[in-house]
Amino acid sequence: GDVAGHGVAAAAMMGKLRHMIRAALLDGASPARALGLANDAFGAGEPELATAYVGVVDTVGMTLLSATAGHPPPVLLHKGGAELLEQRGAALGVFEALDLNESTRTLPERGALVLYTDGLIEYTHNVIDGMEHLQQTLERHTGDYMSLDARTLAGEIMGPARYLDDAALLLLCFEPVREVDVTLPAVPSQSEKGRRNLLRFAHAWGLDDGRASDIVLASCEALNNAIEHAYGGKAGTVHLRARKNASNVVVTISDAGRWSERPVRENRGRGLHIIHALADGVDISRADDGTSVRVTFGIAEPQEAPVPY
């Protein structure tokens with residue numbers, strides 16, 4: 001987003017809008033509803049208007065749900081070029097109530113989403129020329145977007161031009177997850193991150209829904225066990241790895257802690273039974289320097305080939 005004006009009042013309003021939008025989204029609001037609540041934040045003595053774009057990316061289904069309030073359109077970078085994702089919507093603070101439309105867009109398996117403020121296209125005092133230059137610059141990177149970083153890209157777009165306004169650029173790159181190899185803090189909230197990585201992994205390899213569910217459920221049980229028991233409430237990390245070969249998916253969860261030996265309460269401890277029921281092989285290795293759980297899942301052949309670029 002971008003607030004009109006400069007100085008303390010504008011900065012304070014930007015912070016206020018940011019927190020309102022985040023809180024609304026975390027409470028389950030849609031992008032349009034979040035922007036509508038942000039519009040209510042404008043009052044006497046505040047900057048006159050602001051623009052904002054809210055997008056929610058589903059990294060498993062690869063969709064983008066979005067709404068905009070007068071903000072410059074994002075650019076979707078994919079093998080076909082640099083595509084402007086134009087939507088209509090009045091800026092915040094213009095009307096007492098906003099009537100915004102939401103748009104759902106399927107994202108390509110490989111690509112990048114580029115968001116920016118108007119300072120990135122208005123430095124020449126000609127917005128049309130600025131937009132054309134932005135697209136032309138981005139189109140040169142359809143094959144190497146994963147090597148881009150936002151600062152370098154912004155510099156390439158603006159060149160040596162003098163910054164007449166604040167300019168911000170946000171770059172989101174995505175590609176299929178062919179192998180999971182992540183280290184997560186051993187806290188319960190990280191289990192969801194592991195689950196979504198495994199879902200993307202299964203989706204990228206075209207695994208059927210039933211087998212994908214088995215892999216995710218059993219693996220997350222092992223992950224949750226490590227998070228809960230390995231460090232006894234102290235800080236630590238858990239390593240999650242998933243890979244596919246010709247006939248199996250192998251998931252490994254490892255930690256560097258020492259599992260507590262306290263008795264398991266009634267109705268607890270069923271995770272291992274679930275893992276054995278869903279997997280074709282379970283190997284647990286315990287040592288003084290940590291525990292490793294290796295879970296193997298057989299997969300039916302033929303599998304779909306990886307999605308091509």
Side-chain angles (χ1 to χ4, degrees), residues 1-19 21-22 25 31 35 38 47-57 59 62 64-87 89 91-92 103 105 107-177 182 309:
D2 193 14
V3 171
H6 301 277
V8 174
M13 191 62 189
M14 188 75 258
K16 183 177 180 180
L17 291 174
R18 180 186 301 117
H19 288 299
I21 290 172
R22 286 179 174 173
L25 292 171
L35 286 171
E48 292 184 358
L49 60 86
T51 65
Y53 173 91
V54 176
V56 178
V57 176
T59 58
M62 293 303 290
L64 169 68
L65 175 66
S66 63
T68 186
H71 202 70
V75 180
L76 182 61
L77 186 63
H78 51 73
K79 64 178 181 180
E83 177 185 356
L84 281 177
L85 302 183
E86 301 212 46
Q87 285 179 258
L92 303 175
S103 173
R105 169 63 188 255
L107 298 172
E109 288 286 339
R110 291 180 171 87
L113 187 65
V114 183
L115 300 121
Y116 53 93
T117 60
D118 58 8
L120 206 68
I121 57 174
E122 291 183 348
Y123 62 92
T124 63
H125 301 286
N126 187 318
V127 177
I128 295 177
D129 287 348
M131 285 299 305
E132 289 180 352
H133 177 61
L134 173 69
Q135 283 188 276
Q136 291 170 359
T137 302
L138 292 175
E139 284 175 352
R140 294 199 295 268
H141 294 286
T142 56
D144 65 348
Y145 61 90
M146 288 301 295
S147 64
L148 290 175
D149 67 84
R151 184 180 298 275
T152 300
L153 185 57
E156 185 176 340
I157 293 168
M158 298 189 71
R162 178 174 176 267
Y163 285 64
L164 302 177
D165 188 14
D166 298 330
L169 184 144
L170 176 64
L171 178 65
L172 173 65
C173 300
F174 39 88
E175 63 178 355
V177 176
V182 295
Y309 184 84

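For the numbers below, each heavy atom of this structure counts, side chains included, while hydrogens, waters and symmetry mates do not.
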For this session: Could you tell me whether a side-chain N or O of H133 sits under 3.5 Å from a main-chain N or O of I157, the two making a donor and an acceptor?
Result: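 Such a contact is found between H133 side chain and I157 backbone.
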Partners passing side chain to side chain donor-acceptor pair (under 3.5 Å) against [X] (at least two apart in sequence or in another chain):
X	answer
Y116	none
S103	none
T137	none
T68	none

With sequence neighbours excluded, tell me which residues meet side chain to side chain contact (heavy atoms under 4.5 Å, CB included) with [X].
X	value
A150	L169, L171
L172	V57, L113, F174
Q135	L84
A67	P31, A32, L35, E102

For this session: Sequence neighbours left out, what passes salt bridge (Lys or Arg N to Asp or Glu O under 4.0 Å) with R151? Give chain and number order.
Result: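 In terms of salt bridge (Lys or Arg N to Asp or Glu O under 4.0 Å), with neighbours along the sequence ignored, R151 is linked to no residue.
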Problem set entry | Pairing residues for E132 by the salt bridge (Lys or Arg N to Asp or Glu O under 4.0 Å) criterion, not counting sequence neighbours |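 E132 satisfies salt bridge (Lys or Arg N to Asp or Glu O under 4.0 Å) with no residue once adjacent residues are dropped.
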Problem set entry | Spacing of L134 atom CG and E156 atom CD [to the nearest 0.5 Å] |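 It is 10.5 Å, given to the nearest 0.5 Å.
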Exercise. About how many Å separate CD of Q87 and CZ of R105, when rounded to the nearest 0.5 Å?
Worked result: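 Answer for the CZ-CD pair, R105 versus Q87, is 11.0 Å.
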